[in-house]
Amino acid sequence: MTVNLQGSESIIGSKSFTAVAINCAAKAGEWIKSKLGAHASLSLKSSPHDLVTEVDKGSEKMIRSLILTHFPHHSFLGEEGAGAGPEASRQALEAALQAEDYLWIVDPIDGTTNFVHGFPGYVVSIALAYRGEVIVGVIYDPSRDEMFVAEKGKGAYVHGKRMQVDEADKLGASLIATGFPADHLGSLPVNLRGIQAVAPRVRNVRVAGSAALHLAYVAAGRLSGFWEIGLSSWDVAAGVLMVQESGGRVSDTSGAAYDLRVRNIAATNGAVHEELLHTLQAAGAAGGK
Ligand code: IPD
Ligand code: CA
């Protein structure tokens with residue numbers, strides 16, 4: 001798979017953006033898996049619910065150095081290079097968007113709490129944006145050895161097979177996922193209102209602990225939709241492209257078009273999108289800007 005946007009970039013070994021993203025995700029993912037149950041340090045970031053280990057930091061360092069070896073003039077935004085909390089995450093994105101045309105957006109482990117507890121559902125998420133638009137998205141789940149890959153305009157794949165969102169046409173026939181945000185002052189209470197409103201209307205709700213994995217599963221048709229309040233660009237950038245390239249719809253929870261600054265996200269198969277947004281909005285669970 002290639003993306004024809006490389007221009008006159010200096011590319012070692014002529015590797016495509018997507019090939020580099022896949023290589024980084026596979027290498028980092030295997031390393032993370034080898035550290036399962038063996039992390040040496042556990043620290044808290046913005047709250048007691050926001051965890052980081054030396055494995056998160058090591059994974060980001062590995063990915064960063066591989067990407068910058070191939071594309072030394074690109075910008076890089078990684079979760080562990082940004083400060084903790086919603087405001088720091090906003091500021092890090094703004095600074096990164098001011099830099100080069102090409103911006104890599106990386107979550108070195110999405111689902112750190114799962115990783116710490118040995119619960120499957122921790123993934124590497126790597127996106128490449130060109131002038132603010134995501135053109136490549138890769139999510140690797142080392143527990144199940146699943147590599148999800150999307151390229152703008154070329155579809156999204158898992159196990160070499162094209163992904164397609166599911167066909168549920170109402171919430172009543174949908175399996176919907178969400179999260180319990182680490183920000184217990186701002187985002188969590190809003191999301192809990194959403195869960196209370198959505199749960200009785202859907203077949204069931206899943207909370208697997210990784211926004212990136214939830215988005216990959218919407219793309220793969222394993223979930224009909226996903227929403228969450230207060231996410232960061234690195235949690236969702238790769239997965240958003242995956243859902244779009246699999247025939248789904250992504251917006252913020254008020255219905256506005258997705259861009260990298262969106263933190264309150266709704267991603268569905270398209271058919272249940274309006275019903276999900278309406279349910280959240282009626283419950284006062286769509287959050288602010
Ligand atoms: C978290 C996961 C989780 C979501 C949190 C995120 P992290 O990311 O995506 O599913 O509910 O809001 O912060 O901390 O594991 O990278
Ligand atoms: Ca993370």
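Both ligands and their constituent atoms are indexed starting at 1 by order of listing. Just so it is clear, the structure is predicted and the values come from calculations on it, not from any experiment. Note that the numbering runs from 1 along the sequence shown for the chain.
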Worksheet item: Is ligand 1 less than 4.0 angstrom away from at least one heavy atom of V207?
Response: no
If you look only at distance, which donor and acceptor atoms sit under 3.5 Å apart when one is on a side chain in residues 171-183 and the other is two or more places apart or in another chain?
residue, atom, partner, partner atom, Å
S174, OG, K170, O, 2.9
T178, OG1, N191, ND2, 2.8
T178, OG1, W227, O, 2.7
D183, OD1, L185, N, 3.2
D183, OD1, G186, N, 3.0
D183, OD2, S187, N, 3.3

Worksheet item: Under 4.0 Å from any heavy atom of G179, which atoms of ligand 1 are there?
Response: 11 (O)
Worksheet entry | N114, portion touching ligand 1 at heavy-atom distance under 4.0 Å | neither
Practice prompt. Please report the C-alpha distance between I63 and E60 in whole Å, then the side-chain angles of each, then the deciding distance to 0.1 Å, and finally whether the side-chain contact (heavy atoms from CB on, under 4.5 Å) criterion is met.
Written response: CA-CA 5 Å; I63 296 166; E60 181 160 319; 5.9 Å; no
Discussion item. Heavy atoms only: which of E79, R263, H49 lies closest to atom 16 (O) of ligand 1?
Written reply: E79
Practice prompt. Pull out every atom of ligand 1 sitting under 4.0 Å from any heavy atom of G209, numbered as shown with elements.
Written response: 2 (C), 3 (C), 10 (O)
Practice prompt. List every atom of ligand 1 that sits less than 4.0 Å from any heavy atom of D107, numbering the atoms from 1 in the order shown and giving each element.
Written response: 16 (O)
What pairs of donor and acceptor atoms, side-chain ones from residues 277-286 against any protein atom, are under 3.5 angstrom apart with sequence neighbours left out?
residue, atom, partner, partner atom, Å
T279, OG1, E275, O, 2.7
Q281, NE2, T253, O, 2.9

Discussion item. Using a 4.0 Å cutoff against the non-hydrogen atoms of P181, which atoms of ligand 1 qualify?
Written reply: 12 (O)
Worksheet item: Looking just at side-chain N and O atoms, do S233 and R261 make a donor-acceptor pair shorter than 3.5 Å?
Response: no
Worksheet item: Where on S210 is there a heavy atom closer than 4.0 Å to ligand 1, on the side chain, on the backbone, on both, or on neither?
Response: backbone
Worksheet item: Can you check side-chain contact (heavy atoms from CB on, under 4.5 Å) on Y140 and I126, steps first, answer last?
Response: CA-CA 9 Å; Y140 181 54; I126 301 179; over 6 Å; no
Discussion item. I'd like to know if the side chain of S224 pairs up with that of D166 as donor and acceptor (distance under 3.5 Å, no hydrogens or angles considered).
Written reply: yes
Item to complete: Record the part of W234 in heavy-atom contact with ligand 1 below 4.0 Å; permitted values are side chain, backbone, both and neither.
Response: neither
Fill in: Ligand-side contact atoms (ligand 1) for residue partner D235, heavy atom cut-off under 4.0 Å
8 (O), 16 (O)
Response to the item:
Of D56, D110, L51, N191, the residue with the heavy atom nearest atom 9 (O) of ligand 1 is D110
Practice prompt. Report yes if some heavy atom in the side chain of T268 is under 4.5 Å from a heavy atom in the side chain of V218; otherwise report no.
Written response: no
Practice prompt. Assess the pair F17 and F71: is the distance between their ring centroids shorter than 6.0 Å?
Written response: yes
Response to the item:
Atoms of ligand 1 under 4.0 Å from any heavy atom of E228, numbered from 1 in the order shown, are 4 (C), 5 (C), 11 (O), 12 (O)
Worksheet item: Can you list the atoms of ligand 1 that are under 4.0 Å from a heavy atom of L231?
Response: 12 (O)
Discussion item. Go through it in stages, so that I can follow the logic: the residues are S210 and D110, the test is side-chain hydrogen bond (donor to acceptor under 3.5 Å, both in side chains), and I'd like the CA-CA distance, side-chain angles, deciding distance and then a yes or no.
Written reply: CA-CA 6 Å; S210 163; D110 189 55; 2.8 Å; yes
Discussion item. If I apply the N/O under 3.5 Å rule, does G111 come out as touching ligand 1?
Written reply: yes
